[in-house]
Amino acid sequence: QLQACGGGLVQAGDSLRLSCAASGLTFSNYALGWFRQAPGKERESVAGISRVSGRTSYGDFVKGRFTISRDNAKNTVYLQMNGLKPEGTATYYCAASRSAPVTLTMSNTHYWGQGTQVTVSS
């Protein structure tokens with residue numbers, strides 16, 4: 001299971017750090033990622049990180065503002081988000097994949113967290 005937390009209501013330009021704790025799986029065997037879904041829109045990939053080497057990938061819209069990281073000793077993946085914009089308002093989901101090298105997609109994701117709401121006011 002994946003349990004995400006850290007969302008909230010912030011102003012444009014603020015920062016948030018999302019966390020996602022995993023249980024019941026061998027954490028280091030999974031690539032991890034964050035997705036987001038805004039109302040009326042499709043779920044999109046935000047960031048991904050590989051199993052051990054820590055290679056990362058980001059959606060084009062991130063533009064250097066977000067950082068994904070993982071702590072295999074704590075079974076936790078993080079998403080540090082800086083410079084948040086109103087268009088970043090969405091429910092953010094953590095995800096785990098046994099097969100993805102770095103970037104998770106809807107089709108290669110095996111586990112989903114429950115989502116945490118991020119609202120960015122202008």
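- One N or O on the side chain of Ser50 and one on the backbone of Arg55 form a donor-acceptor pair closer than 3.5 Å.
- In this structure, Asn75 CG and Leu32 CG are separated by 9.5 Å, a value rounded to the nearest 0.5 Å.
- Smallest separation of non-hydrogen atoms from Asp60 and Lys63: O-CG, 3.2 Å.
- Cysteines Cys94 and Cys20 are disulfide-linked, with SG atoms closer than 2.5 angstrom.
- Side-chain contact between Leu16 and Asp14 is absent, with no heavy-atom pair separated by less than 4.5 Å.
- Not counting sequence neighbours, the partners of Glu44 by the side-chain hydrogen bond (donor to acceptor under 3.5 Å, both in side chains) test are Arg36.
- Atom-to-atom distance recorded for Gln114:CD and Thr116:OG1 is 7.0 Å, nearest 0.5 angstrom.
- Contact of the Ile68 side chain with the Tyr58 side chain is registered, since non-hydrogen atoms from C-beta on lie closer than 4.5 Å.
- Taking all atoms of both residues into account, the shortest heavy-atom contact from Ala90 to Ala38 is CB-N, 3.8 Å.
- Residues Gln117 and Thr89 meet the side-chain proximity criterion, which asks for heavy atoms closer than 4.5 Å.
- Criterion: ILVMFWY side-chain heavy atoms under 4.5 Å apart, direct or through other members. Under it, Tyr92 and Val77 are part of a common hydrophobic cluster.
- Atom CZ of residue Arg98 and atom OG1 of residue Thr109 lie 11.0 Å apart, to the nearest 0.5 angstrom.
- To the nearest 0.5 Å, atoms CD (Gln11) and CG (Leu84) are separated by 11.5 Å.
- No side-chain heavy atom of Phe61 sits less than 4.5 Å from a side-chain heavy atom of Glu87.
- Taken together through direct or relayed side-chain contacts under 4.5 Å among Ile, Leu, Val, Met, Phe, Trp and Tyr, Val120 and Val46 form part of one hydrophobic cluster.
- Tyr93 and Met106 fall within a single hydrophobic cluster, where Ile, Leu, Val, Met, Phe, Trp and Tyr side chains are chained together by heavy-atom contacts under 4.5 Å.
- No side-chain heavy atom of Phe35 sits under 4.5 Å from any side-chain heavy atom of Glu42.
- With rounding to the nearest 0.5 angstrom, the CG atom of Asn29 is 9.5 Å from the CG atom of Asn72.
- Here the side chains of Arg51 and Ser28 are not in contact, with every heavy-atom distance at 4.5 Å or above.
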Exercise for the section: Walk me through it: do Val118 and Met81 pass the test side-chain contact (heavy atoms from CB on, under 4.5 Å)? Expected result: CA-CA 11 Å; Val118 173; Met81 303 188 292; 4.0 Å; yes
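- Note on Leu2: it clusters hydrophobically with Leu79, by side-chain heavy-atom contacts below 4.5 Å among ILVMFWY residues.
- In this structure, OG1 in Thr67 is found 6.5 Å from CG in Asn82, a value given to the nearest 0.5 Å.
- Using a 4.5 Å heavy-atom cutoff, the side chains of Ser23 and Gln3 are not in contact.
- Within the 4.5 Å cutoff, the side chain of Trp34 has no heavy atoms near those of the Phe66 side chain.
- Put simply, Val62 and Leu18 are part of the same group of oily side chains (I, L, V, M, F, W, Y) that touch within less than 4.5 Å, one to the next.
- Counting only distance, with no hydrogens or angles, the side chain of Ser122 and the backbone of Pro86 share no donor-acceptor pair below 3.5 Å.
- Across Ser19 and Thr76, no two heavy atoms sit closer than the pair CB-CG2, 4.4 Å.
- Between the side chain of Ser97 and the main chain of Tyr30, no donor-acceptor pair closer than 3.5 Å is present.
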